[in-house]
Q: 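Have a look at the structure that comes next, please.
Counting begins at 1 with the first residue of the sequence.
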Amino acid sequence: MQGLLSRLQTRVVLARLDEFPAVALLGPRQCGKTTLARELVGQRSDVLYLDLELPSERRKLQDPELYFRAQLARRGPTLFCLDEVQWLPELFPVLRGLIDEVGRNGQFLVLGSASRDLIRQGSESLAGRLALVELTPFQLPEVASTLDDPLFRLWLRGGFPRSLLAAGDEASYRWRESFIQTFLERDIPQLGFNIPAAALHRLWRMLAHCHGQTLNSSKLGASLGVSHTTVRTYVDLLTRTFMVRTLEPLEANVKKRLVKSPKVYIRDSGILHSLLEIEDQEALFGHPVFGASWEGLVVEATIGAMPRWRPSFYRTASGVEIDLILSRGGRRIAVECKTSTAPTLGKGFRAALDDLGINEAWVIAPVEENYPLDRRTTVSPLSEFLSRLYPDQRGVERRPAAADP
C-alpha cells in the first residue's frame, strides 16, 4: 500500500478546535478518521488519545469525571482524543460539565462511525459546544496529484484508503469484500443492532442494483419477504453508518407533478462495484450501472465539498430531471452528470432551469477541460469542478465560478 495522503479536512478540524470546546469527526469505519486524528495529535504534546473500541481503554472511563479531572490536574491543559466514542454515549453529559468548568476551546476531539446516535447525543448534551465535521473516504482532489490515472482508479476502487491504495485491482477487490463481510458480521452487532447479516447483505445488494433510482420500499420489501417499514429501518441503518445516501426530492412551488420518493445511492463507488461483482474497469464500462455509477461518484463528491448547501434532486412525473440541486438561502446550483465526452442537454433540462429560476448549471462529464454549453451551463471535468468547491485553508467552502466564455 502506498504512503499516507493528506486530507482536505485536516485544516477544517484544526480550525474547529480553535473555535469550539469539542469537535466530533464523523465518518464510516476505515475511512481514515484515526489516521487523521493521530496525524493531528502527533504534532502536539498536550494530547491524550483513547481508543474506546479497546476494553482496556473503556475501563479507564468507568468513572469518566474522576479520570478526566485527574488527567487535567496532572497534565494541565489537555486535548482529549476519544476514538469510536459511540461505544460510550453516556460520556456526553460528563463532557458538558467539564467543558463549561474549564471554559476553553479545543478540549475534546471525538471520533465516531455511527452518525445519528453521535449527533443526537452531542446535540442534546453539547449544544453550542460541539462542532461536527464529516470525513468521507478519499475524494479526487486529495489524490489527483499523487496517483496514476486518479479519476478511474478512484471511480473503480472507491475512496477507502486500503482499497484505493492497494497494490492492484484484485487486492483492492478482496479488501472490499472483506470490509463488507466484517461490517455486516461484526460492526453492525457491535453497534447494538440485532439484524440478520444475510438479510441486510441482500438488501444492500438490491440497493446497489437500484443505485441512482428512486427508493421503492414496498417493492424491495416484497422481494425480501419483509414489510416496507422494515426496509426503511434497514436503509436508515445503512444511512446512519455512512454506507448509503438517500437524496430527497426538491420541494418546489411549480405547476408540475413532482416525484416525492428519495433517490438512493451507495455512497462509495468501490463498495457499489463490489456489491455488483464489478472487478475491473472493463467490467464497469460494460455494466448497466455504468452511468448511474458515474452519477453517484459526482453526487457524493459534490455534496462532500459543499456541506453547508442543501442537496436534492428534481424530477417531474413526465421524466424531466436534474440529477443534483444545491440550495442555500435563495440560491440554487444545478448539477447534471453525463458519461459522454460530448454531452448534450434536452429541452426538458433547460425548461426545468427556467421553472426553478436557476441561472448556474454544470454538466460534469469525462472531458479534458471546461467549456460553456450556453449562457448559464458549463461542461466541466470532475477534477476541475471540485477544485472550485473544496474548502480553502480556513475551512470555508467556495461557490463554483462559471468558466470563462
Q: Between Tyr49 and Arg38, is there a cation-pi geometry (under 6.0 Å to ring centre, at most 45° from the normal)?
A: yes
Q: Out of the candidates Arg205, His201, Met243, only one should pair with Ile180 under the side chain to side chain contact (heavy atoms under 4.5 Å, CB included) rule; please name it.
A: His201
Q: Look at the side chain of Arg129 and the backbone N and O of Ala127, then say whether any donor-acceptor pair between them is shorter than 3.5 Å.
A: yes
Q: Would you be so kind as to tabulate the donor-acceptor pairs closer than 3.5 Å made by side chains of residues 278-291, with sequence neighbours excluded?
A:
{"residue": "Asp280", "atom": "OD1", "partner": "Glu282", "partner atom": "N", "Å": "3.3"}
{"residue": "Asp280", "atom": "OD1", "partner": "Ala283", "partner atom": "N", "Å": "2.8"}
{"residue": "His287", "atom": "ND1", "partner": "Val289", "partner atom": "N", "Å": "3.1"}

Q: Mind jotting down which residue pairs meet the salt bridge (charged side-chain N to carboxylate O under 4.0 Å, His left out) criterion with at least one end in residues 286-299? Sequence neighbours excluded, please.
A: Lys263-Glu295
Q: Less than 4.0 Å between a side-chain N and a carboxylate O, is that true for Arg240 and Asp236?
A: yes
Q: Are the side chains of Gln30 and Thr182 in touch, meaning some heavy atoms are under 4.5 Å apart?
A: no
Q: May I ask you to check whether Ser227 and Thr229 show a side-chain donor-acceptor distance below 3.5 Å?
A: yes
Q: Is it the case that the side chains of Arg29 and Ser113 hold a donor-acceptor pair, with the cut-off being a distance below 3.5 Å and no angle test?
A: no
Q: How would you list all residue pairs meeting salt bridge (charged side-chain N to carboxylate O under 4.0 Å, His left out) that involve residues 64-79, not counting sequence neighbours?
A: Glu65-Arg69, Arg69-Glu101
Q: Is the shortest side-chain N to carboxylate O distance from Arg16 to Glu19 below 4.0 Å?
A: yes
Q: How far apart are the closest heavy atoms of Phe138 and Leu154, and which atoms are they?
A: O-CD1, 3.5 Å
